[in-house]
Amino acid sequence: MAKAPAAKTDSKKIPNTPTASREDLLRFYREMVLIRRFEERAGQLYGMGLIGGFCHLYIGQEAVAVGVQESVKQGHDKIITGYRDHGHMLAAGMDPKEVMAELTGRIGGSSKGKGGSMHMFDVPTGFYGGHGIVGAQVALGTGLAFAGKYRGDDSVSFVYFGDGAANQGQVYESFNMAQLWKLPAIYIIENNQYAMGTSIERASSTTELYQRGSSFGIPGEQVDGMDVLAVRDATARAVKRAREGGGPYILEVKTYRYRGHSMSDPAKYRTKEEVDEVKKTRDPIDHIKMLLEQAKATEDELKAIDNEIKAIVAESVQFAQESPEPDPSELYTDVYVEA
């Protein structure tokens, strides 16, 4: 049932032939650079003590959220993920100012400063969080898929989780129900190969995670998560199948995080040389830049995008710093939904 990958994505050279329009490539570049620069600035603010609690950066994995988002009907489909969630929020279309304000615990944040890094929520974009319990979002995302099928609204649930969460029991309970009821759920395993700090080879008895649904009859495939176009195309196929009633599908997206698991993780479980090699040979933004060069994009166009993103991120930081902290009375709001 599972589709065998063509090759190991962590050693395969990324294709350099554009299969997207020049306009789409420029848009992908802009979206990935926004995530990269936003996360770099968030890391700086965390170091300055302006962001508290945990903070998990998405640097290196930008092509995944951007590529998947191409198949999302904004505000109609549902998106849910774990706690490495800032990149997904930005890709989904959330306002960077609201995201940064939430990170700093301010009232201008998407959850009024009460959610922080790991617990954001945004109805207009269909973003259902941001969840701090490893793997818990998989059951919730399956429930979102059930709701869509029950209502008959043609929506799809995009359920992200990582290679570490792939060993959690609730994941397989969710797989069983999703296949039993043919739910429109796309399970996106962002395999960055180290979970919280243990390599997948040491943590998982089987490392081909796209096969994890085989015992339930759920098909899957492995995708190069450093190639935004490969992610886009694989997601489009899976979503078409789900909207046509084919049921759930697993995408194991092989990617790589450049930073530690969280800001407090020195990442001593891998070598600096390993990280540098990935940055040098497989960076998703450098890949898009190569494609744009072939598509005859000019250096001035890229510089204009870079400057635009720099201004957007600076504005988001200013907004976050100027937004007041929530009033203590906010502790009692949003606890229950009024009938």
Side-chain angles (χ1 to χ4, degrees), residues 3 5 9 15 18-21 23-32 34-35 58 61-82 84-85 87-94 122-129 137-138 140-142 144-149 151-162 178 182-191 209-210 213 218-255 284 287-288 291:
K3 193 182 296 181
T9 56
T19 57
S21 69
E23 291 71 24
D24 281 348
L25 290 172
L26 285 168
R27 180 164 51 83
F28 295 150
Y29 176 78
R30 180 189 182 281
E31 292 170 358
M32 289 199 288
L34 172 60
I35 295 171
Y58 203 60
Q61 299 183 213
E62 298 89 352
V64 181
V66 171
V68 168
Q69 190 65 31
E70 282 296 288
S71 293
V72 177
K73 294 181 180 179
Q74 189 184 61
H76 178 67
D77 291 331
K78 311 299 186 291
I79 307 163
I80 193 166
T81 187
R84 193 180 309 282
D85 54 359
H88 303 83
M89 300 168 195
L90 296 172
M94 289 176 64
D122 187 61
V123 172
T125 58
F127 187 81
Y128 282 74
Q137 75 275 15
V138 179
L140 296 172
T142 303
L144 291 170
F146 176 78
K149 181 161 187 176
R151 293 169 177 158
D153 62 10
D154 189 45
S155 66
V156 171
S157 179
F158 294 81
V159 187
Y160 290 89
F161 57 104
K182 297 295 182 185
L183 301 182
I186 310 300
Y187 296 105
I188 304 154
I189 306 175
E190 295 194 74
N191 181 2
L209 302 182
Y210 69 98
I218 301 177
E221 64 181 288
Q222 194 177 84
V223 185
D224 187 348
M226 307 302 270
D227 180 353
V228 68
L229 302 185
V231 176
R232 176 202 62 180
D233 294 346
T235 305
R237 292 191 298 270
V239 169
K240 181 177 185 294
R241 178 180 179 276
R243 294 202 200 277
E244 292 174 349
Y249 198 84
I250 296 172
L251 294 174
E252 179 196 355
V253 186
K254 296 290 289 293
T255 184
H287 174 232
I288 280 288
L291 297 181

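Here the closest heavy-atom approach between residue Pro219 and residue Pro248 is recorded as CD-O, 3.9 Å. For the pair Gly148 and Ser155, the tightest heavy-atom approach, listed with the atom from each and the gap, is CA-OG, 3.4 Å. Closest approach of Ile35 and Gly87 over heavy atoms only: CD1-O, 3.5 Å. When all heavy atoms of Gln74 and Gly93 are compared, the pair lying nearest together is NE2-CA, 3.9 Å. Nearest heavy atoms, Leu183 versus Phe146: CD2-CA, 3.8 Å. Scanning both residues, Ala63 and Gly225, for their nearest heavy atoms gives CB-O, 3.4 Å.
Residues Glu190 and Arg84 form no side-chain contact, since every pair of their non-hydrogen atoms from C-beta on lies 4.5 Å or further apart. By the 4.5 Å heavy-atom criterion applied to side chains, Phe158 and His88 are not counted as neighbours. Within the 4.5 Å cutoff, no side-chain heavy atoms of Glu70 are placed close to those of Val239.
At distances below 3.5 Å, at least one donor-acceptor pair connects side-chain atoms of Glu252 with backbone N or O atoms of Leu209. Side-chain atoms of Glu62 do not come within 3.5 Å of backbone N or O of Met32 as any donor-acceptor pair. No donor-acceptor distance shorter than 3.5 angstrom exists from the side chain of Ser157 to the backbone of Thr142, with no hydrogens or angles considered. Of the possible donor and acceptor atoms, none in the side chain of His76 sits under 3.5 Å from a partner among the backbone N and O of Val72.
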### Task
Would you check, one step at a time, whether the test side chain to side chain contact (heavy atoms under 4.5 Å, CB included) holds for Glu31 with Leu90?
CA-CA 8 Å; Glu31 292 170 358; Leu90 296 172; over 6 Å; no

### Query
Does the side chain to side chain contact (heavy atoms under 4.5 Å, CB included) test come out yes or no for Phe161 and Ile189, once each step is laid out?
CA-CA 5 Å; Phe161 57 104; Ile189 306 175; 3.4 Å; yes

### Message
Could you walk me through whether Arg237 and Glu221 satisfy the salt bridge (Lys or Arg N to Asp or Glu O under 4.0 Å) test, starting with their C-alpha distance in whole Å, then the side-chain angles of each, then the deciding distance to 0.1 Å, before giving a yes or no?
### Response
CA-CA 11 Å; Arg237 292 191 298 270; Glu221 64 181 288; 3.0 Å; yes

#### Entry: Pair Gln137-Tyr128, side-chain hydrogen bond (donor to acceptor under 3.5 Å, both in side chains): steps then yes or no
CA-CA 9 Å; Gln137 75 275 15; Tyr128 282 74; over 6 Å; no

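Here Glu23 pairs with nothing under the side-chain hydrogen bond (donor to acceptor under 3.5 Å, both in side chains) rule; sequence neighbours left out. Asp85 meets the salt bridge (charged side-chain N to carboxylate O under 4.0 Å, His left out) test with no other residue; sequence neighbours excluded. Every side-chain contact (heavy atoms from CB on, under 4.5 Å) that Ala92 has, sequence neighbours left out, goes to Gln69, Ile79, Thr125.
A side chain to side chain contact (heavy atoms under 4.5 Å, CB included) with Val223 is found for exactly one of Asp233, Val231, Ile188, namely Val231.
Thr235 contributes atom OG1, which lies 10.5 Å from atom OH of Tyr249 (distance to the nearest 0.5 angstrom). Expressed to the nearest 0.5 Å, how far CZ of Phe127 lies from CE of Met94 amounts to 6.5 Å. Interatomic distance, His287 NE2 to Met226 CE, rounded to the nearest 0.5 Å: 11.0 Å. Rounding to the nearest 0.5 Å gives a distance of 12.5 Å between CG of Asp154 and NZ of Lys149. Considering CG of Leu291 and CG of Leu25, their distance stands at 5.5 Å, rounded to 0.5 Å. Taken from OH in Tyr187 to CG in Leu251, the straight-line distance is 12.5 Å, to the nearest 0.5 Å.
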